[in-house]
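In this text the structure is predicted, and so the values were computed from the model without any measurement.
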2 protein chains.
Amino acid sequence: MANSASGESIIRRFIRIISAFDDKHTSMSVAELSRRTGLPVTTTYRLVDELLLERLLERDSNGNIELGTRMWELASRGSKTQGLREAALPFMEDVQSVVQHSTTLGVLDSDEVLYIERLGSTSTIMDITKVAGRLPVHATSSGMVLLANSPSAYQDMILSRPLTKYTETTLTDPAALRRHLAEVRQRGFAAMPGVIVPESSGIAVPVYGPDNTVVAALSVVVPRDEENAAARVPLLMAAARGISRALGWRAKLKGTLRQSH
Amino acid sequence: MANSASGESIIRRFIRIISAFDDKHTSMSVAELSRRTGLPVTTTYRLVDELLLERLLERDSNGNIELGTRMWELASRGSKTQGLREAALPFMEDVQSVVQHSTTLGVLDSDEVLYIERLGSTSTIMDITKVAGRLPVHATSSGMVLLANSPSAYQDMILSRPLTKYTETTLTDPAALRRHLAEVRQRGFAAMPGVIVPESSGIAVPVYGPDNTVVAALSVVVPRDEENAAARVPLLMAAARGISRALGWRAKLKGTLRQSH
DNA sequence: CCCGGATTCCCACTCAATGGTAATCCTGCT
DNA sequence: AGCAGGATTACCATTGAGTGGGAATCCGGG
């Protein structure tokens with residue numbers, strides 16, 4: 001053996017380690033960490049020791065390992081996500097104060113929607129989004145909005161892979177999805193009843209960045225039986241516009257309202 | 001030369017790299033990164049390449065390097081900070097809706113206050129707190145609350161180092177600070193007029209965790225000239241109690257109300 | 001006292017990581 | 001077009017940081 005029998009770099013192993021933590025596993029023993037990551041026991045101990053030293057990991061009161069506050073700090077303070085989040089939060093509060101269910105802000109990351117902020121009670125069965133949580137593009141209103149405003153190569157990539165059918169109403173047929181995307185692009189919002197959880201509906205609108213591309217989706221989740229959920233669209237649009245403006249976007253002067261590519 | 005002439009581990013260098021990014025420097029060229037981190041050019045390129053591959057770093061539209069969304073995601077989803085933040089947010093919104101200036105949630109990290117959430121407009125000169133930003137313990141109301149509820153060894157450590165005097169009213173004398181801490185402990189809140197910025201006042205109260213220790217400080221910043229800022233204390237206390245309860249804290253049954261160290 | 005798992009200690013091996021030097025690619029300026 | 005200055009990529013000889021199996025030790029519960 002030598003530097004990593006498996007040929008893995010330290011960075012990759014570091015990622016394995018921090019990836020072992022999620023909202024369901026916020027702390028664990030080193031041995032368990034070794035098991036979860038699949039790294040050799042000794043190696044795990046050595047690496048963890050160093051990460052503890054650097055405060056990227058910490059020990060809790062039981063001696064278990066958890067992600068260090070410093071880790072969060074370093075990752076947060078310089079990230080573009082932070083700017084987006086801060087710009088959006090006030091407007092999200094406004095929306096939340098009216099809609100009362102849950103309001104989320106999502107971005108596209110690799111092939112999924114990553115939620116970077118969320119307001120509303122956490123306990124609802126109705127809404128499974130979490131901050132720093134992911135959901136598939138094709139089964140969320142946020143995903144549809146983001147996909148509808150993505151380059152066609154990206155759309156093709158997403159639509160060409162197997163799409164999970166979560167409920168009766170989940171669209172999984174590429175052609176049907178494309179039609180739906182066209183609609184979303186034209187109307188400027190996505191409304192999807194019960195695509196991932198039968199009893200709820202998602203409504204999402206795009207948020208624009210300075211270069212007039214769509215950078216995020218603002219969305220609310222409401223009970224499916226709620227009448228005219230679409231009545232929420234103007235509210236959402238106004239909020240999204242506010243966020244966009246805070247991000248440096250300027251309304252188009254004149255001409256068509258269709259966004260570039 | 002061999003594995004790091006400077007004897008530095010990859011982890012430490014990785015930290016140097018992500019530390020080079022902050023809210024003022026969200027993206028930069030690799031060469032600049034090399035300069036900022038002090039790492040050899042070649043080494044920086046090699047390391048950055050790998051981090052790009054792992055998506056801990058990303059290239060923006062100009063080809064500059066920025067922190068990757070994945071970095072934020074991994075650091076956020078498993079962190080205890082996240083749980084605290086989520087528990088606190090609804091209550092912070094309530095406070096913010098009444099106080100209107102700015103509401104923050106801070107924790108103690110090494111020898112400073114680290115702010116993990118913040119509501120209110122960002123542009124105020126009055127309030128310099130930022131999410132994932134730090135301020136010194138002795139010059140903030142949050143810091144005083146947290147310090148007042150810390151082990152005395154920690155208090156000694158903080159009070160024994162040189163304390164910056166930001167304004168006329170900043171306390172820098174250890175003895176005076178100790179008296180103030182005793183007051184804070186007894187009253188259950190800290191109110192500090194213009195300790196870091198002359199024209200504003202901070203008011204902070206403790207947030208308790210399940211084991212009845214203080215885990216965070218909830219605070220508002222208001223203009224200093226505002227009459228009876230202390231009138232805000234009950235509001236803050238009620239909110240802090242709500243957060244504490246959401247974290248699993250149960251009110252003491254009976255007996256003294258003094259909290260254990 | 002015993003048992004099983006977690007943790008720490010030990011150590012010989014070796015290739016991943018290193019960082020100079022030099023070539024190449026840009027980009028703006030003349 | 002040609003030039004200047006910086007950013008980026010390519011090359012490569014060198015070596016100690018990283019590795020991981022194994023054994024000893026610690027610890028908590030029954």
Side-chain angles (χ1 to χ4, degrees), chain A residues 1-22 24-68 71 78 211, chain B residues 1-22 24-68 71 78 211:
Chain A
M1 51 247 72
N3 261 7
S4 171
S6 43
E8 252 190 338
S9 66
I10 303 205
I11 296 294
R12 190 166 258 132
R13 295 181 159 202
F14 163 71
I15 293 174
R16 279 221 225 178
I17 288 181
I18 56 174
S19 299
F21 297 90
D22 58 32
K24 196 64 192 167
H25 304 88
T26 55
S27 80
M28 62 193 81
S29 72
V30 182
E32 189 181 348
L33 191 53
S34 162
R35 258 177 272 118
R36 277 174 69 85
T37 55
L39 295 175
V41 182
T42 308
T43 304
T44 309
Y45 273 98
R46 185 168 11 88
L47 215 34
V48 165
D49 275 345
E50 185 173 4
L51 293 171
L52 285 170
L53 208 81
E54 302 296 342
R55 304 191 1 88
L56 296 189
L57 295 180
E58 285 170 15
R59 297 203 109 95
D60 67 10
S61 40
N62 305 318
N64 282 343
I65 308 298
E66 51 185 12
L67 287 188
M71 182 79 210
D211 54 358
Chain B
M1 49 247 77
N3 261 7
S4 171
S6 42
E8 252 193 337
S9 66
I10 303 202
I11 295 294
R12 190 166 259 131
R13 297 182 156 200
F14 164 72
I15 292 174
R16 278 220 224 179
I17 288 180
I18 55 175
S19 300
F21 297 90
D22 57 33
K24 195 66 193 165
H25 304 87
T26 55
S27 79
M28 63 193 81
S29 72
V30 181
E32 189 181 347
L33 192 54
S34 162
R35 259 177 271 119
R36 278 175 69 85
T37 55
L39 294 176
V41 182
T42 309
T43 304
T44 309
Y45 274 98
R46 186 166 12 87
L47 214 34
V48 166
D49 274 347
E50 185 173 4
L51 293 171
L52 285 171
L53 208 81
E54 301 296 341
R55 305 190 1 89
L56 295 189
L57 295 179
E58 285 170 15
R59 297 202 110 97
D60 67 9
S61 41
N62 305 319
N64 283 343
I65 307 298
E66 53 186 10
L67 287 187
M71 182 79 209
D211 53 358

Among Arg16(B), Arg13(B), Arg12(B), salt bridge (Lys or Arg N to Asp or Glu O under 4.0 Å) partner for Glu54(A): Arg12(B)
Sugar-phosphate, base or nothing in reach of Ile10(B), heavy atoms under 4.0 Å: sugar-phosphate
Short side-chain N/O contact to dA16(C) OP1/OP2 from Arg13(A), under 4.0 Å: no
Results of side chain to side chain contact (heavy atoms under 4.5 Å, CB included) for Asp22(B) - residues two or more places apart only: Arg77(A), Lys24(B), His25(B), Arg36(B)
From Leu39(B) atom CG to Tyr45(B) atom OH, the distance as rounded to the nearest 0.5 Å: 13.0 Å
Nearest-Å distance for atom pair CG/P, residues Leu47(A) and dG18(D): 9 Å
Atom-to-atom span, CZ of Phe14(B) to P of dA17(C) - whole angstrom: 14 Å
Between dT18(C) (P) and Arg12(B) (CZ): distance, integer Å: 14 Å
Protein-to-nucleotide contact annotation, 5' to 3' order, nucleotides 3-12 of chain C [B base; S sugar-phosphate only; - none; under 4.0 Å, heavy atom]: ---SBB-B--
For DNA chain D, the dot-bracket pattern of Watson-Crick and G-U pairs whose distances stay under 3.5 Å, | for other-strand partners: ||||||||||||||||||||||||||||||
Side chain proximity check, Thr43(A) to Arg46(A), heavy atoms < 4.5 angstrom: yes
Side chain proximity check, Leu57(B) to Ile17(B), heavy atoms < 4.5 angstrom: yes
Residue pair Leu33(A) / Met28(A), side-chain heavy-atom distance below 4.5 Å: yes
Any side-chain heavy-atom pair of Leu47(B) and Ile10(B) under 4.5 Å: yes
Close side-chain approach of Ile65(B) to Leu52(B), heavy-atom, < 4.5 Å: yes
Nearest-Å distance for atom pair CD1/P, residues Ile65(B) and dT8(D): 8 Å
N or O in side chain of Arg46(B) less than 4.0 angstrom from dT8(D) OP1/OP2: no
N/O (side chain, Thr43(B)) to phosphate O (OP1/OP2, dG19(C)) under 4.0 Å: yes
Spacing of Leu39(B) atom CG relative to dG20(C) atom P, expressed in whole Å: 11 Å
Side chains of Leu51(B) and Val48(B) in contact at under 4.5 Å (non-hydrogen atoms): no
Separation of dG18(D) P from Glu50(A) CD (nearest whole Å): 6 Å
